[in-house]
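Accompanying notes for the structure given below.
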Amino acid sequence: MAVDDPSDLIPKLDEVLFLPLGGVGEIGMNLALYGHDGAWVIVDLGITFGGDDFPEQRVMMADPSFIAARRERVSGILLTHGHEDHIGALPYLWRRLRCPIYATPFTAALVRYRLAQAGLEDATVEEVSCGERFQIGPFGVEYIGMTHSIPEPNAILLRTAAGAVLHTGDWKLDDRPVVGRRYDAARLSALRRESLLALVGDSTNAVVPGTTGSEGDLFEPLRELAEQATGRVVVTSFASNVARLVTLARVAESVGRRFGVVGPAMERMVAVARGTGYWPEDLPELVDARHLGFLPREEVFAACTGSQGEPGSALMRMAADRHRDLLLDHGDSVIFSSKLIPGNERSVERLQARLRALGVEVTTDTDAEIHVSGHPAQGDLARLYGWIQPPLLIPVHGTPRHLAANAAVAKSCHIPQVRLMANGDLCRLTPQGAQLLGSVESGRLSLGEDGRLVPVSGDLLEEMRGKAH
């Protein structure tokens, strides 16, 4: 049902409105709106990819038309962390919003680079400290340190005259995160004393029993594989996982190999990590990618992009025998220290088949404990809910199956109310509970070959939603 009363779209003093435009019923493309006392804040502005199922929709993002039409009421964009599904739409959509962007230093550095690439040097990026509290419009904002698979992940606490809402962002409970601080357990536990209206939380791993492993657990399994290798060792992982790159550098050092990174995204991530203090000074100097190919095979240990079979990535070029800096031979080893993102199965299978055809030894996370997720499993969710004891959970960041699993965990933890929502649903949050007001028009925009954004058709949207189920 559509929202009937237009006045419901002007947030009042005694309520907080929550309106997700992306990231609910799907993984990726996060865009959440919070409204209070006549103003709105945007939390995250991300992209998603069509993958094998929708190759023509290579980059997609939530349609921001609802909030773009109200941009004079937008107090700012708050970014939880620097992953593409949380910041990647900024270069495409900021011109329609033209409001300040708030981010911690690592995320701010990534955003400034992306905005400069798009010619948006006039965009204001306000750098905030981890743990900082500040005011934008009628919202009190607090960044609360979490752990994830990128430096400086944050939950965001929004305080208002009507009560507070905790937006968790992406998180896990990692006591040995390798890079950066561990999650702020004391602050999270203290949230039960806040006048909390709702917890809006990550559902990505809610179908997984137990707890999520630590980045610190990966050194030994990766070292064992490197010790057994006789030729080159190439490890592919997500470029943004700085902690994984640090672990790989230490593994290379421990087995007497030279370490380098291959691929512009990974090289840029190391540069940002250095500039923001997340690259340890005691690590050996990296070998420039241009020099790795001249080293003896038994000395080479490289990290590279391409874990999802992305066209044009470093590993795809190596598998096709056409990378300018590093080629693979029979007896070399490629380790996939990553999770297979749904939708990329065929691309990754083709990539691995090409590598095996070259005589390369391929190891994935099904063969050895060489990857850990950045998201909370059921035990982690239960632990957080026990600390905070929120009156209401709104699951986000997941397919319908993930949202339902998160809701089940919440009910087992005796959270009084759970509200399952869809993109476009408008929910009123007050101390009396949650009320669904109806829905507003929402959709997706796709990046065309000519660089223009075009709406994704309704039929195609329905097909995509069917795949998500």
Does Arg96 have more than 12 heavy atoms from other residues, nucleotides or ligands lying within 6.0 Å of its CZ?
yes
What do you reckon, is CD of Glu369 surrounded by more than 12 foreign heavy atoms closer than 6.0 Å?
no
Distance in Å, [X] [atom1] paired with [Y] [atom2], rounded so as to fall on 0.5 Å steps:
{"X": "Leu199", "Y": "Thr168", "atom1": "CG", "atom2": "OG1", "value": "6.0 Å"}
{"X": "Asp184", "Y": "Thr147", "atom1": "CG", "atom2": "OG1", "value": "11.0 Å"}
{"X": "Arg444", "Y": "Thr48", "atom1": "CZ", "atom2": "OG1", "value": "6.0 Å"}
{"X": "Arg71", "Y": "Cys99", "atom1": "CZ", "atom2": "SG", "value": "9.5 Å"}
{"X": "Glu126", "Y": "Ile77", "atom1": "CD", "atom2": "CD1", "value": "12.0 Å"}
{"X": "Ile67", "Y": "Leu31", "atom1": "CD1", "atom2": "CG", "value": "8.5 Å"}

Sidechain-backbone polar pair: [X] side chain, [Y] backbone, donor-acceptor under 3.5 Å:
{"X": "Gln135", "Y": "Gly137", "value": "yes"}
{"X": "Thr236", "Y": "Cys304", "value": "yes"}
{"X": "Asp85", "Y": "Gly46", "value": "no"}
{"X": "Glu132", "Y": "Cys130", "value": "no"}
{"X": "Arg182", "Y": "Arg176", "value": "no"}
{"X": "Arg192", "Y": "Gly386", "value": "yes"}
{"X": "Ser214", "Y": "Asp175", "value": "no"}
{"X": "Thr104", "Y": "Val128", "value": "no"}
{"X": "Asn406", "Y": "Asp202", "value": "yes"}
{"X": "Thr124", "Y": "Pro100", "value": "no"}

Please tell me if the side chains of [X] and [Y] come closer than 4.5 Å, counting only heavy atoms from C-beta onward.
{"X": "Leu90", "Y": "Leu79", "result": "yes"}
{"X": "Leu453", "Y": "Leu447", "result": "yes"}
{"X": "Trp171", "Y": "Thr80", "result": "no"}
{"X": "Met269", "Y": "Leu110", "result": "yes"}
{"X": "Arg98", "Y": "Asp122", "result": "yes"}
{"X": "Asp170", "Y": "Pro153", "result": "no"}
{"X": "Ser412", "Y": "Gln378", "result": "no"}
{"X": "Phe139", "Y": "Ile156", "result": "no"}

For Leu173 and Thr211: C-alpha separation, side-chain torsions, deciding distance, then whether side-chain contact (heavy atoms from CB on, under 4.5 Å) applies.
CA-CA 9 Å; Leu173 298 177; Thr211 59; over 6 Å; no
Full working for side-chain contact (heavy atoms from CB on, under 4.5 Å) between Val178 and Phe219:
CA-CA 10 Å; Val178 177; Phe219 177 87; over 6 Å; no
Side-chain donor-acceptor pair under 3.5 Å between Asn423 and Ser442, yes or no?
no
Polar side chain donor-acceptor pair, Tyr278 to Glu152, under 3.5 angstrom
yes
Which of these passes side-chain contact (heavy atoms from CB on, under 4.5 Å) with Leu340: His371, Gln308, Glu349?
Gln308
How close do [X] and [Y] get, counting heavy atoms only, and between which atoms?
{"X": "Arg250", "Y": "Pro280", "result": "NH2-CB, 3.5 Å"}
{"X": "His375", "Y": "Thr212", "result": "O-OG1, 2.6 Å"}
{"X": "Pro416", "Y": "Pro390", "result": "CD-O, 3.6 Å"}
{"X": "Thr430", "Y": "Asp14", "result": "CG2-O, 3.7 Å"}
{"X": "Ser337", "Y": "Ser237", "result": "O-OG, 3.0 Å"}
{"X": "Leu445", "Y": "Pro64", "result": "CD1-CD, 3.8 Å"}

Under-4.0 Å salt bridge between [X] and [Y]:
{"X": "Arg58", "Y": "Glu310", "value": "no"}
{"X": "Glu215", "Y": "Arg244", "value": "yes"}
{"X": "Asp174", "Y": "Lys172", "value": "yes"}

Describe, in one word, how the ring planes of His86 and His397 are oriented to each other, choosing from parallel (under 30°), tilted (30 to 60°) and perpendicular (over 60°).
parallel
side-chain contact (heavy atoms from CB on, under 4.5 Å) between Asp425 and Leu436: does it pass, once the steps are laid out?
CA-CA 7 Å; Asp425 285 351; Leu436 192 63; 3.8 Å; yes
Hey, which of Gln435, His36, Arg428 is the one that makes side-chain hydrogen bond (donor to acceptor under 3.5 Å, both in side chains) with Glu15?
Arg428
Carefully, step by step, assess Arg187 and Leu191 under the rule side-chain contact (heavy atoms from CB on, under 4.5 Å).
CA-CA 7 Å; Arg187 184 69 192 101; Leu191 289 176; 3.8 Å; yes
Centroid separation under 6.0 Å, is that true for the rings of Phe238 and His83?
no
Within the 6.0 Å centroid threshold, strictly below: Tyr102 and Phe134:
yes
